[in-house]
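Read the numbers this way: they start at 1 and go in the same order the structure lists the ligands and their atoms.
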Amino acid sequence: MTYNFYIIFIKHIGKVGVFVPREDKIKFITKCVHVGNEIDKETGAIRRPITMANSYRLPEDASTLNWSDPNNLVYTRNTSANQTYLQQRLAALEGGEDCVVLASGVAALSSVFFTFLNKNSHVICSNVSYIAVYRLLNEYLPEKYGIEATLVDSANIDEIKKAIRPNTKLIHIETPGNPTTRISDIEEISKIAKEIGALLSVDSTFASPFLQHPLELGADLVVHSLTKYINGHGDAMGGAVIGNRELIDKIKREAMVNVGGAISPFNAWLIMRGVVTLPLRMKQHSDSALKIAEFLEFHPSVKFVAYPGLKSHPQHEIAKKQMTMFSGVISFGLKADVETHNKFVNSLKIVISAVSIGHDESLIVYTGPTDERNHFYPEEFKDGHLRFSVGLEDPEDIINDLKQAFDSCGLS
Ligand SMILES: *Cc1c(COP(=O)(O)O)cnc(C)c1O
């Protein structure tokens, strides 16, 4: 029985061959479906399998093998089958030559810092950025390794210019920024980086590759937490860096193999599946978030709403220039005390109080006024704020959920 099946599939493969679309000839949403996938040569399955193996068979003469080579299938910390398929897909989506995928967004960010910053080099970074970036650049890298860091409001080009030093090697920005949704002008900042011979890396997690292409705007490296929109289903963590072959190869050799944040092949496979629907999801997230942001903006108990798609957003014009839609994260605050903010979050029935963004379900996080980064936030954030990741539910259901939570808190 098994034997017969085997014979049949060999014939099948012979007729069908392997479908490899020409990447330069297909559009973004087609790339999401096809790039990195092929018909499995062994079984004829039309999608590649999950290869949960730590090791790969060595060549007959392994005597000269470089054990730290990130490009040979030897050991899963050097590279793995599913990791390479996902890298192919993400490089195509960002329009970069190569990509490295790692175990988390933070592994991807630290791979950039550990590879391109040396003792005594200087980095300029958005002062509103992911908490681990703040921790690394504000504490660990300066204190342990002598790296100098200046944190600036990267929406303000003059602040970036003023921060430049002769040893500035890297400018790192996050746009839209977490949690303020602050927008930094990628094109303008890339000009500054080029002038001074520094690299520009952009954490584009909030936008995803569907809404923004930093490499086309002059960035050298794009970083993503795959945990968020790219996987999109809240069930796997991963991170990626995309850029030219030389830069990515350096990250793979130095930080992937030797720092060790390898992604599980299973997670790489899950993320590969998640990314198929990225364009559909991003349209839905963006459409819903705009409706909800408009609802919140007109609510009398809402103190402020920060959403790049609103005209009231301080960098709305830059957002329109560099993004095609405005994604799904809204930050806002209530005209209320800490206790009422907590009550509001706990009264929600569809929206869940939990960290992370870019999931299928709507998620909300309340950060109180004691946040250590408070002094970097725009004024209106300083009494505490809600970060709301709008999910894929019907926006009317989400708005109704918000309305009943306002009612439960006695907020009209
Ligand atoms: C979540 C997040 C990260 C970190 O990613 P993990 O996968 O959680 O390690 C980095 N940058 C931004 C903007 C994020 O939202």
**Item:** Verdict with reasoning, T43 to D40, per side-chain hydrogen bond (donor to acceptor under 3.5 Å, both in side chains)
**Value:** CA-CA 6 Å; T43 63; D40 180 41; 2.7 Å; yes
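Between Y366 and F344, the gap from one ring centroid to the other reaches at least 6.0 Å.
Checked for salt-bridge contact, E380 and K303 miss the test: no charged N lies under 4.0 Å from a carboxylate O.
Looking only at atom types and distance, the side chain of Y377 has a donor-acceptor partner in the side chain of R373 under 3.5 Å away.
Heavy-atom neighbours of Y75 OH from other residues, nucleotides or ligands within 6.0 Å: at or below the threshold of 12.
In this structure, V223 and V112 have side chains that are in contact, with non-hydrogen atoms separated by less than 4.5 Å.
For ligand 1, the 4.0 Å heavy-atom shell takes in S104, G105, V106, L109, Y130, E174, N178, D203, T205, F206, S225, T227, K228, M237, G238, ordered by chain and residue number.
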